[in-house]
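The structure presented is a predicted model; accordingly, all values stated were derived computationally and were not measured.
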Amino acid sequence: MADYGDKATNFSEWFHNILEVAQITDARYPIKGMAVWLPYGFQIRKHTLNIYRELLDKDHEEVLFPMLIPETELAKEGIHVKGFEDEVYWVTHGGPTELNEKLALRPTSETSMYPMFSLWIRSHIDLPIKQYQVVNTFRYETKHTRPLIRVREITTFAEAHTVHSSAEECAEQVETGIEIYKTLFDEMGIPYLISKRPVWDKFPGAEYTMAFDTIMPDGKTLQIGTVHNLGQTFAETFDITFENKEGEHEYAYQTCYGISDRVIAAAIAAHGDEKGLVLPPTISPSQVTIIPIIFKKGAEEVMAKCEEIKEALESNGIRVDMDTRDIRPGKKFFDWELKGTPIRFELGPRDLENNKAVIGRRDTEEKMEIDLDEDIPAKIIELLGEIDSNLKENAWKSQESHLIEVDSLDDVASLVDDGKVISFHWCGDEECGKAIEEETDVDVLGITEEDIETDKVCPHCGKPAKHIALMAKTY
């Protein structure tokens, strides 16, 4: 039995091993921080994006903007650019000819999209605008790169941008964005923490940032989604104005929210084990893998029955793969255990004679017999639902085991080294928060509850506590 490492005690090694042996990505591309999506990994990505698009398509429109951004447009929003200035890739030549103006490969798309919004919007009847795109973004990451987690080319940057006629509608859209991401992560079985980023860690140019983090097996948190209230900052910079119902011109209000490849990394980390991937049915390339066990005698009958079952399952909307490779059944079982297919369906000549088949669950490793006269699609759909629920429950339990509430910051460093994420009462003062980070070498992740009524005080400065906040080691 293969053992790819303990994801809790050596998550980095386990994660890299799984990406390689399960053929998710190949990191050997000759540019650091860039990787190739392999066919199996690309299928997981596709099914993830299918969920995302289904959620966004309800009241957003999908678009596609150019990758190149003129330096003059990128430089317009000074605060925003300052957040990315050390990470921008620049195009300086077209062939041998030096360009009159440098062009940036988009680090994110505000400065690409918003000049066009200013051309499209004239009146309140043009609002709201709700658009999204799935694109590649580029950031010259100087820290230690990690596939899917910290990369130089983000290949799955799914970003939504909205424009509104009032601050109230803008704030409501932030809540809508949060609900969209909750649904997405729930469908993938990814547990999450929602917090308001501290002011020094918000998105450059935003009024405030709401973020989703998941706790990885090593206790570090990974940001997997953000929702930003941009207020009128970018509208003022890019002259996005509209004529209101009273005939007066005013600046629009905006939001943006995005996810990336990290969502897939989070799903792999949340559910996998020492034997490989364990994929939720929603994103697994095949939800059922049929393995015909072939001998010379009865081979045709077994194959015919497997084809019949495959057709029945597919006609009920179930994704099915049939492994007909001319190799030993044990090797097939090993491969699909590694690949994380939720259900394995085994059928051999003796099974067929007994009118039975064997079903194996990847999540619990339980095996059971099923009568071939049963309503097999109904049974499989029922099992997929049970697997989905079980994976979600286990992932949330794992996350909760990492959370700890403290009244003192004395032991924070040792607690996070033990894989804990800290919840504490905080005054909310920026100077205090930065001092906490400097003294503990642990990040103030965000505020989970604002403006609470409590008699507790901030454990750092002793002022009355206003919020409940989180501290963690982060990726």
Side-chain angles (χ1 to χ4, degrees), residues 22 24-25 37 39-64 130-136 148-149 154-162 173 175-194 210-214 222-227 256-272 277-288 314 316-321 339-343 362-363 380-381 383-396 399:
I24 306 299
T25 61
W37 280 101
Y40 194 73
F42 194 84
Q43 288 293 310
I44 297 171
R45 176 184 182 273
K46 181 182 78 173
H47 293 302
T48 299
L49 287 174
N50 284 345
I51 301 170
Y52 174 82
R53 283 190 164 100
E54 185 176 344
L55 291 169
L56 271 290
D57 283 343
K58 291 175 182 177
D59 67 345
H60 294 64
E61 296 177 305
E62 187 169 8
V63 294
L64 184 59
K130 299 181 184 181
Q131 296 183 348
Y132 77 93
Q133 61 178 6
V134 181
V135 294
N136 297 38
L148 302 186
I149 291 176
I154 303 169
T155 56
T156 314
F157 196 73
E159 54 179 330
H161 296 263
T162 72
Q173 190 64 38
E175 296 304 314
T176 298
I178 290 171
E179 289 303 315
I180 288 171
Y181 286 161
K182 284 171 67 175
T183 303
L184 171 66
F185 301 143
D186 285 343
E187 290 206 23
M188 297 176 70
I190 301 172
Y192 48 82
L193 304 164
I194 303 174
M210 301 300 298
F212 285 78
D213 296 277
T214 192
L222 181 70
Q223 179 178 289
I224 54 174
T226 48
V227 184
C256 64
Y257 31 102
I259 58 169
S260 72
D261 313 74
R262 287 181 166 197
V263 174
I264 298 165
I268 291 170
H271 307 302
L277 294 173
V278 181
L279 292 175
T282 50
I283 63 171
S284 183
S286 60
Q287 295 164 320
V288 178
E314 289 177 335
N316 280 270
I318 300 166
R319 295 192 294 274
V320 186
D321 188 23
K339 294 277 193 177
T341 303
I343 292 175
R362 178 63 180 89
D363 61 328
I380 293 297
I381 289 170
L383 282 174
L384 289 172
E386 290 178 11
I387 291 167
D388 185 64
S389 297
N390 185 48
L391 290 178
K392 289 176 183 176
E393 182 180 348
N394 288 339
W396 277 99
Q399 171 154 292

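- Contact annotation: the side chain of Pro285 approaches that of Leu279 to within less than 4.5 Å [non-hydrogen atoms, C-beta and beyond].
- Met210 is not listed as a side-chain neighbour of Tyr257, based on a closest heavy-atom distance of 4.5 Å or more.
- The distance from atom OG1 of Thr156 to atom CG of Leu148, rounded to the nearest 0.5 Å, is 8.0 Å.
- Taking the side chain as every heavy atom from C-beta outward, Leu384 and Pro342 approach each other to under 4.5 Å.
- For Tyr52 and Tyr132, the ring centers sit closer than 6.0 Å to each other.
- Tyr181 and Ala158 get closest at one heavy-atom pair: OH-O, 4.2 Å.
- No more than 12 heavy atoms of other residues, nucleotides or ligands lie within 6.0 Å of CD in Glu54, so this atom counts as exposed by the packing criterion.
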Dump the intermediate steps for side-chain contact (heavy atoms from CB on, under 4.5 Å) on Ile259 and Phe157, then the final yes or no. CA-CA 6 Å; Ile259 58 169; Phe157 196 73; over 6 Å; no
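- With sequence neighbours left out, the salt bridge (Lys or Arg N to Asp or Glu O under 4.0 Å) criterion links Asp261 to no other residue.
- Gln287 places none of its side-chain heavy atoms less than 4.5 Å from the side chain of Ile380.
- Here CD of Glu314 is found 10.5 Å from CG of Asn316. Values are rounded to the nearest 0.5 Å.
- In this structure, His271 contributes its side chain and Gly189 its backbone to a donor-acceptor pair below 3.5 Å.
- Note: Trp37 CH2 to Thr155 OG1 = 5.5 Å, rounded to the nearest 0.5 Å.
- Atom CD1 of Ile190 is separated from atom OG1 of Thr214 by 6.5 Å, given to the nearest 0.5 angstrom.
- Looking only at side-chain heavy atoms (C-beta outward), Leu277 and Ile24 come within less than 4.5 Å of each other.
- Between Val227 and Gly177, the closest heavy-atom pair is CG2-C, 4.0 Å.
- Under a cut-off of 6.0 angstrom, the local environment of OH in Tyr40 is crowded, with over 12 non-hydrogen atoms contributed by other residues, nucleotides or ligands.
- In this structure, the side chains of Ile178 and Phe212 come closer than 4.5 Å at one or more pairs of heavy atoms.
- Considering CG of Asn50 and CZ of Arg45, their distance stands at 10.5 Å, rounded to 0.5 Å.
- Residues satisfying the salt bridge (Lys or Arg N to Asp or Glu O under 4.0 Å) criterion with Glu61, sequence neighbours excluded, are absent altogether.
- What you find for Met188 and Thr282 is that their closest heavy atoms are CA-OG1, 4.1 Å.
- To the nearest 0.5 Å, the span separating CG on Asn394 from NZ on Lys392 amounts to 12.5 Å.
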Assess whether side-chain contact (heavy atoms from CB on, under 4.5 Å) is satisfied between Glu62 and Leu56, documenting all intermediate values. CA-CA 8 Å; Glu62 187 169 8; Leu56 271 290; over 6 Å; no
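- The shortest non-hydrogen separation linking Ala267 to Ile283 is CB-CD1, 4.0 Å.
- In this structure a side-chain-to-backbone donor-acceptor pair under 3.5 Å is missing from Thr226 to Ala211.
- Under a 3.5 Å cut-off, the side chain of His161 and the backbone N or O of Gln133 do not form any donor-acceptor pair.
- Closest heavy-atom contact between Gln223 and Asp213: CA-OD1, 3.3 Å.
- When all heavy atoms are compared, the tightest approach of Pro281 to Arg319 is O-NH2, 3.0 Å.
- Under the rule for a salt bridge (Lys or Arg N to Asp or Glu O under 4.0 Å), the partners of Arg362 that lie at least two apart in sequence or sit in another chain are Asp273.
- No donor-acceptor distance shorter than 3.5 angstrom exists from the side chain of Thr341 to the backbone of Ile343, with no hydrogens or angles considered.
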